[in-house]
There are 2 protein chains.
Amino acid sequence: MTRLVNNPADFPAQLVDGFVRANPRYVRKVFGGVVRGTESKPGKVAIITGGGTGHYPAFVGWVGPGLVDGAVAGNIFSSPSASQAASVGRAADQGGGVIIGFLNYAGDVLHFGQAAERLRADGIEVRSCVITDDVASAPVENWRQRRGIAGGLAVLKIASAAAEDGLVLDEVVRVFEHANERVRTFGVAFAGCTLPGADHPLFEVEKGQMGVGLGVHGEAGIYETDLGTADDVAGLLVDRLLEERPEGSSGRVVAILNGLGSAKYEELFVTFISVQDRLKDAGLEVVDGEVGEFMTSLDMSGVSLTLVWLDDEIEKYYFAPADTAAYKRTVLPDAQLPEDTVFETEASQLEVKKPGSDASRAAGVAIARGLTRIANVLEENRERLGDLDAIAGDGDHGIGMARGSKAAAEAAEWLAEQGGGAQTVLVGAGDRWSENAGGASGALWGAALTAAGNVLGDTEEVTAAQQAKALRAMIDSIQRLGRAEVGQKTMLDAQVPFVEAFEKAVADGSGADEAWETASQVATQAAQDTANLEARMGRARVLSDRSAGHPDPGAVSFALVVSTASDLVGAR
Amino acid sequence: MTRLVNNPADFPAQLVDGFVRANPRYVRKVFGGVVRGTESKPGKVAIITGGGTGHYPAFVGWVGPGLVDGAVAGNIFSSPSASQAASVGRAADQGGGVIIGFLNYAGDVLHFGQAAERLRADGIEVRSCVITDDVASAPVENWRQRRGIAGGLAVLKIASAAAEDGLVLDEVVRVFEHANERVRTFGVAFAGCTLPGADHPLFEVEKGQMGVGLGVHGEAGIYETDLGTADDVAGLLVDRLLEERPEGSSGRVVAILNGLGSAKYEELFVTFISVQDRLKDAGLEVVDGEVGEFMTSLDMSGVSLTLVWLDDEIEKYYFAPADTAAYKRTVLPDAQLPEDTVFETEASQLEVKKPGSDASRAAGVAIARGLTRIANVLEENRERLGDLDAIAGDGDHGIGMARGSKAAAEAAEWLAEQGGGAQTVLVGAGDRWSENAGGASGALWGAALTAAGNVLGDTEEVTAAQQAKALRAMIDSIQRLGRAEVGQKTMLDAQVPFVEAFEKAVADGSGADEAWETASQVATQAAQDTANLEARMGRARVLSDRSAGHPDPGAVSFALVVSTASDLVGAR
């Protein structure tokens, strides 16, 4: 969905204006597009590119030293007119001739072809160079008929570096054509984009499916198939590109993983692992990986992979410096660390320093068993707790509790097997909970288990009275760390009544089991009651009106935990 | 929607691994996160940051010379553990002390606080600095309790430059705190993000609404309001930030417009225009505008505006060079062009070089009237033609035809008023159609009108026979430029039968009106028949299986045009 729009008809012009305003050091606006805002060597071959808008950073984001000299900007997904292109070419010309380099689409071929004629009529030497990197759009024997997509950046980068290097017009054209033969792209789409002012996307892909062989103008793929995992998608992309290995390639490649708009960097990085591994498995050396948004289609969701098959000339020009609004290849100011640099960092290790007493070891086994049950219950309730948290928070409570309790249970099981007492088991479990859950609740649960363990020790028997003390220490540590008070709609609202009920039951002569039973019912009710509290504005955490009437997820998960396991702190 | 996932539980670790693989020149992986892959000055103060993942480029993308020394990476939206943070701090330490600078969230406060303790225990001098730029999360009198969001980048950038400049630990802390007081952010959300592996977003915003005061962990806003235009959103953001002007500010500001994930660069640029204008209107000088994705929330849709209120020290450090995977501030290799550089570029001008004969002027008036009717019909059919085009193409046919015909009609009306004959009117209209429509169809219609005009001239009477010649010239030019043939599912499939029917009717003695009537019925039927053709794989344009059974949009729009206006080439 494209949401930030004034008048849809003005959108293309406004986006170029806004880009120019944000990037005065890189570009100047001219009729039809932008040219460099910096001085170029007189007589340098100028390269202009362009096409429809909606593909940022293509094409205006690539104007600057080391990359192109100008970019023509049409309407959304629509080739610019001949007079726009001629205007940009005229402004970019440095007396060394102009190359118009563009993606192979019918409209662009027509308009840029007419523009070349107009520039020639003005006495400017002009060459048209067409980018045809999309392997999906025609079979390899008709590769000159293929569309141009994200690999266009690599082709323009290489040719522009040759122009910057002082090569004459026909030499730069040769490098351009050579680069175009060495750059191949293949892509998939998960969801279509929505044009500014429209209320539905250009196409839709069924859930769990993907369109294979996308175009950058919002075209759906050539066919649909199951989406699969990130690794599956990487496999599909790599396999197709490996079908065409250009002659004379050195076996060194650059891999460019391009997001089409709504694919996130995080997803692209996850996918890149498998891309790199598969290319290595095919005997290729991945000299460089570029992961990001290089050519988009508004908010289209999808990804494409480009391979640049290097040779000495292409490698030299690909890695030459460039500095534009959206693409920078720098020379780092500091030296690289030696390859073999070792950093002294490590995760904390689990360890039973001293075996527990028989009684405390029995409590340790019970605690481990209890934590395993808790982990199972929290896993079952993961989504529900996440949804509760999403009402006013960041929705990670379910996943954090599930992950933390699972790690805690595994640590506890291992420590109990090694003969750890109640303290060793609880402190180890608390560490792992905190390490793995993340978030505030992870830290609080970690501290709580540690505090309880420190009360119980590794040698004493775990009586009902000891349990009451351990539970009190638990909530004290949570109160201290979290700096919350009862009534603020946090887990404390369930914990304090729970511990008070437990203490009272024990004082009244109940055994541990009975006290847990009573207290956990109190906790469940108290957690539910947090739904009736007013929303609050708290320290470093904002609860909006949305939270009113919904129970606090931390209180709910606490009640779940204590209802599940009376042996959380070593029953019997 | 987060689609490229292997196992959701492994997603956070894999995204960091993939990032490191793609950026070996910038970072090295350590337990808990990443540190610089380049050498730093011994004794330099090290700054580490971090938090949950899902915010790329925050935080790992900011590690490198001129920015931070290390970044801790937790689970999605979930603070990292104390031992992760301690590990990264240890690896980043250069002997000058470590600053842990992080966004103000409960979980981060807890874990980073514990990490600081651990580093202190290792004998490392540590300071914790908290970022609190989000004006929506607490009133100004409680600004230290505010959350940290996208402005964190600016605070870290400024403090890191001070560290790079050789300042000692407490001085860098002072700069950090000072920068934090000068950086304010306010944001709005349009749609929530979906956690990897989840099948629904964390929250939803009703269509046409926006959540005001978003958080970067996928939290919805504090309240909802009407979305409005890009200008409205800019106004909301600027007005709120202008309520808090820090004391001692020079009136010079940097404006950072941040997309939360699915807001597109194009939208952000459109919005930036109004942001800059409103800040200028408030008497501020916008020294620099940064527009892009700096701190995201997976695929959340939204935008935030950060103002950096400069003074001499902040300005110096903000603009110091930096070179990281995701944030680069460079020194351009070439000099800026002089401010007053003028580029010789212009749009083509409409002009009546010689008034037409009375008969040809009358034809010109009829042509202009016809084009206006055509423009109205194409505007009415804009969406329908776009939808037809979206089936196998890029969906721009409707908007292109509407825009092109409107510009053509306006040009024709003006030229007819100025006394232009049929040729002048048609050639001018054709130029404008091509200029404004973009795309292949724009170029083809432009060429077609020009060809027809050149047949009719500015002096001759426009007879039915002349019209037939003009129509034949029209399709000849389209066939020549578009290099298509009848039967390939293009507009020619309607045009050729139309012209043949027209020619036959005229040869059989029909008048122009009658011939148009007959021929346009033929065209309508022929356009419909393109739906029955097989999908084709054509030059520079791929029609997938999807197009089978749907009529070609170009043929349909041609039939619409000729059915609307028998005076397209000067009736009577």
Side-chain angles (χ1 to χ4, degrees), chain A residues 3-4 6 14-15 18-19 22 30-31 38-39 56 65 74-75 77-79 81 83 87 91 104 106-107 110-111 137 190 202 217-218 222 229-230 262 264-267 269-273 289 291 298 323 328 330 333-335 343 345 348 390 394-396 435 438-440 443 540 542 544, chain B residues 3-4 6 14-15 18-19 22 30-31 38-39 56 65 74-75 77-79 81 83 87 91 104 106-107 110-111 137 190 202 217-218 222 229-230 262 265-267 269-273 289 291 298 323 328 330 333-335 343 345 348 390 394-396 435 438-440 443 540-542 544:
Chain A
R3 286 180 177 85
L4 293 165
N6 293 312
Q14 289 194 343
L15 81 88
F19 168 75
V30 297
F31 172 75
T38 48
E39 290 176 359
Y56 191 85
N75 286 313
F77 295 172
S78 213
S79 68
S81 70
S83 69
S87 162
N104 191 25
L110 292 173
H111 291 287
S137 54
F190 315 126
L202 282 179
H217 297 91
I222 308 290
T229 64
S262 290
K264 293 315 310 154
Y265 276 80
E266 285 82 0
E267 300 177 85
F269 288 132
V270 166
T271 309
F272 183 71
I273 295 175
V291 178
L298 292 174
D323 192 355
K328 295 177 173 68
T330 59
D334 298 327
F343 298 97
T345 65
S348 61
D394 53 10
D396 69 346
E435 297 293 303
V542 173
S544 67
Chain B
R3 286 181 177 86
L4 293 165
N6 293 312
Q14 290 194 342
L15 82 87
F19 168 76
V30 296
F31 173 74
T38 48
E39 290 176 0
Y56 192 85
N75 286 312
F77 295 174
S78 213
S79 69
S81 71
S83 68
S87 162
N104 191 25
L110 291 173
H111 291 286
S137 54
F190 315 126
L202 282 179
H217 297 91
I222 309 289
T229 64
S262 291
Y265 277 81
E266 285 82 0
E267 299 176 86
F269 288 131
V270 166
T271 309
F272 184 72
I273 295 175
V291 178
L298 292 174
D323 191 356
K328 293 176 174 70
T330 58
D334 299 326
F343 298 97
T345 65
S348 61
D394 53 8
D396 69 346
E435 297 293 302
R541 179 178 174 216
V542 173
S544 68

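Throughout, protein chains are lettered first and strands after them, A, B, ... in sequence-line order, and every chain is numbered starting at 1. FYI, side chains are in, hydrogens and waters are out, and symmetry mates aren't considered; it's all heavy atoms of this structure.
- Between chain A and the options B:Asp396, B:Val30, B:Asn75, the largest number of non-hydrogen pairs under 4.5 Å is found for B:Asn75.
- Within the 4.5 angstrom heavy-atom criterion, only side-chain atoms of A:Phe343, from C-beta onward, approach chain B.
- When atom types are taken as modelled, the side chain of A:Glu266 and the backbone of B:Leu298 share no donor-acceptor pair closer than 3.5 angstrom.
- Looking at A:Thr330, both its backbone and its side chain come within 4.5 Å of chain B, counting heavy atoms on both sides.
- The greatest number of non-hydrogen atom pairs below 4.5 Å with chain B, out of A:Gly107, A:Ala443, A:Ala230, A:Ala335, is found for A:Ala230.
- Formation of a donor-acceptor pair under 3.5 Å by the A:Ser87 side chain with backbone atoms of A:Phe31 is found in this model.
- What you find for A:Tyr265 and A:Val291 is that their closest heavy atoms are CE2-O, 3.8 Å.
- Heavy-atom pairs under 4.5 Å with chain B were tallied for A:Val270, A:Thr229, A:Thr271; the largest tally goes to A:Val270.
- Judged by distance alone, the side chain of B:Ser78 and the main-chain N or O of B:Gly74 form no donor-acceptor pair under 3.5 Å.
- Scored by the side-chain contact (heavy atoms from CB on, under 4.5 Å) test, B:Ser79 finds B:Asp108, B:His111 as partners (sequence neighbours excluded).
- Residue with the most contacts toward chain A among B:Ser262, B:Pro333, B:Ala440, B:Gly289: B:Ala440 (heavy-atom pairs, distance under 4.5 Å).
- Using a 4.5 Å cut-off between heavy atoms, B:Asn6 touches chain A through backbone and side chain atoms alike.
- Among all heavy-atom pairs drawn from B:Ala22 and A:Phe269, the shortest one is CB-CE2, 4.4 Å.
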